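Source: prediction; values computed, not measured. When reading the values below, keep in mind they use all heavy atoms of this one structure, side chains included, and skip hydrogens, waters and symmetry mates. The sequence lines fix the lettering, A, B, ..., with proteins before strands; numbering per chain opens at 1.
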Protein chains: 2
Amino acid sequence: MFHNNWIETLHIDYPIIQAPMAGGITTPELVAAVSNAGGLGMIGAGYLNAEQTRKIIREVKSLTSNPFGINLFVPEKNAVDEVEILKMNTHLQKYREELNLPMEMPTISNNSVFEEQVRIIIEEGVPICTFTFGLPTEPIVKQLKEANIFLMGTATTVKEAQYGEKAGMDVIVAQGSEAGGHRGTFLEDTESSMIGLISLIPQVVDQVNIPVIAGGGIMDERGIMAARCLGAQGVQMGTAFLTCVESGAHELHKEAILKASEEEIVVTAAFSGKNARGINNRFIKEMSVYEGDIPSYPVQNSLTKDIRKAAGEQNNPNFMSLWSGQSPRLSKNKTVSELIQGLVDGYNRIKGTI
Amino acid sequence: MFHNNWIETLHIDYPIIQAPMAGGITTPELVAAVSNAGGLGMIGAGYLNAEQTRKIIREVKSLTSNPFGINLFVPEKNAVDEVEILKMNTHLQKYREELNLPMEMPTISNNSVFEEQVRIIIEEGVPICTFTFGLPTEPIVKQLKEANIFLMGTATTVKEAQYGEKAGMDVIVAQGSEAGGHRGTFLEDTESSMIGLISLIPQVVDQVNIPVIAGGGIMDERGIMAARCLGAQGVQMGTAFLTCVESGAHELHKEAILKASEEEIVVTAAFSGKNARGINNRFIKEMSVYEGDIPSYPVQNSLTKDIRKAAGEQNNPNFMSLWSGQSPRLSKNKTVSELIQGLVDGYNRIKGTI
């Protein structure tokens, strides 16, 4: 596959990054399998506390001697509105009842362990750290750079990519509107930051001087080759790895993607208070009537946590967040090494035909 | 550039289709210049009457001996709700006042000249006919095929592409969410039919047996090469031709695209009652409060016609429909032959580097 400076710097074989999917999907087995197969495995540490962060880093280290990375959610300071919270909680009670959950309001956690996580990453010598929902402050960038950690920022618009470059990121991951899971948008979260990769990549590449990685809807060698033609120096793939054998995604989540069509995939803020792309289901449909009432991330995320957890335990996909990008028809249930080998072989096969 | 069966059948040099932009943009000069430069020029005849349709076909014929095509809007049977119309008209009166227009309600036209246009196309021997907003009925497809006219249908989802193949289309134009102007969606016009090209093309290509053309956000050789990697057998480009010297777009429309950034481009039904992508402006912003009140196409289109027309005449971009795809930063003001030659040279240049 195509070589370039950033993967040589990091001693990675292929410019394929496994997207850091938070919430238990990026098991140590998944991350290590990707790195062992020559890609870049990434821990999604967004929802982990300090102890869990250290534990998973050590587990990955025990499974691979190749480079891997970790992704952090940059904390946001959203005002907590008590009335808004009580109102939303009332709407959610009927789902707690249906799932036989205690009718108490969950604790709203807005405490971030971001700075602790940064310390642990430096202590553990994780070689790559990436950021979503914002950019780290100057002192944090300085600390990480002094520890020789390679930094990647997420961007959904040209302006966000320029901010990332200015903040000292070594690489920008440009997330197209096709991407599954949470939108990485941190400047203006509107419909106009939903930009398709075929538009986003060339416009970003023309406006920044650091390498750009393409993320969103890429599932096979055709997407990788297309990303390269657009000017990207690598790809980040989430959904393609989510359905892999080693992924920690719920089996019903995997099955839902494997049989979904592209039209069933929508964007919703119902689960977390932040826009994210996934398969339409009863919770998303019913919550759409309360659209104006949804508290911002991370408040809504705390409020729906017990519901999502119970839905998983009870194998009830009606209330699970079934994140997926827009290319579910291309998903397969393979091992990571089969997937990556297939991508490399496919890439080399079509390379000759272009 | 890459060759394939459909362009050989049609005797076209390059698999580059100029998108059929209705409303005066596709002047005979633009269409003929594209065909003369080896691409496929397309007349956007959606808003033309029978007489205008025949006239523009003859004008294009007088300017080129190369193949060109014509696009028709397939008529939709939307119920006309008098109360809804009166309500919307009340909202629009303030703009008529501002533009010094008569305060009368415009005539609502729901009469289609579609069948007459089909007859004229057959009589005039236009070699290619494409369809938007739906598919022609079996008898019409039969008539056109008996006249040896090559047919292309628009699709925004896999299902729409499959319908197009079944209806007898020779080629499918797959329109990504990046595309400027009206969405071609005709099955379910929801947010979930806004699919990025990098997701849409491979999924459509895998599910139909006819050639697929990629449209949306493609402005240069990078996009053309990417579309090819994804499995497309050609591209349809709108915005890139809209800003060309020969295009009939309003000068302020061209200027607005040439200086726009990708974040300013939104989807709105405010102008026509049908979702379309363009540069955000005062009319779109102010109309967003009446979102539930907008009558369906073509009713809203009739209601806003005088306002858009006066805005153009008065050089007032606040009320013009400034259609654009999501890649305005890649737009240039060139002649058509410079644009196409640049695409071909650029394509050949990057081909060697992949």
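The number of heavy-atom neighbours closer than 6.0 Å to OH of B/Tyr163, taken from other residues, nucleotides and ligands shown, is 12 or below. A/Lys334 NZ: more than 12 foreign heavy atoms inside a 6.0 Å radius. Remark: A/Glu291 CD is loosely packed, at most 12 non-hydrogen atoms of other residues, nucleotides or ligands lying under 6.0 Å away.
Of the two parts of B/Thr353, only the backbone, made up of N, CA, C and O, holds a non-hydrogen atom closer than 4.5 Å to a non-hydrogen atom of chain A. Both the backbone and the side chain of A/Ile198 come within contact range of chain B, judged by heavy atoms closer than 4.5 Å. Only the side chain of A/Gln207 comes within contact range of chain B, judged by heavy atoms closer than 4.5 Å. Of the two parts of B/Ile265, only the backbone, made up of N, CA, C and O, holds a non-hydrogen atom closer than 4.5 Å to a non-hydrogen atom of chain A. Contact annotation for B/Thr157: both backbone and side-chain heavy atoms come within less than 4.5 Å of a heavy atom of chain A. With a 4.5 Å cut-off on non-hydrogen atoms, B/Met219 does not touch chain A at all.
By number of non-hydrogen pairs under 4.5 angstrom with chain B, the leading residue of A/Gly217, A/Gly176, A/Ser192, A/Gly216 is A/Ser192. Ranked by heavy-atom pairs under 4.5 Å with chain B, the list A/Val205, A/Ile350, A/Ile224, A/Val267 is led by A/Val267. Taking chain B as the reference chain and counting heavy-atom pairs below 4.5 Å, the highest number among A/Thr156, A/Leu197, A/Ile195 is found for A/Ile195.
Between B/Arg222 and A/Asp206, some side-chain heavy-atom pair lies under the 4.5 Å cut-off.
The shortest non-hydrogen separation linking B/Met225 to A/Cys229 is CG-SG, 3.1 Å. When every heavy atom of B/Ser177 is checked against every heavy atom of A/Ser177, the shortest pair comes out as OG-OG, 4.2 Å.
A donor-acceptor pair under 3.5 Å links the side-chain atoms of B/Gln203 to the main chain of A/Gln326, judged by distance alone. Looking only at distances, a side-chain donor or acceptor of B/Glu262 sits under 3.5 Å from a matching main-chain atom of A/Val158.
For the atom pair A/Glu263 CD and B/Glu188 CD, the distance stands at 6.5 Å (nearest 0.5 Å).
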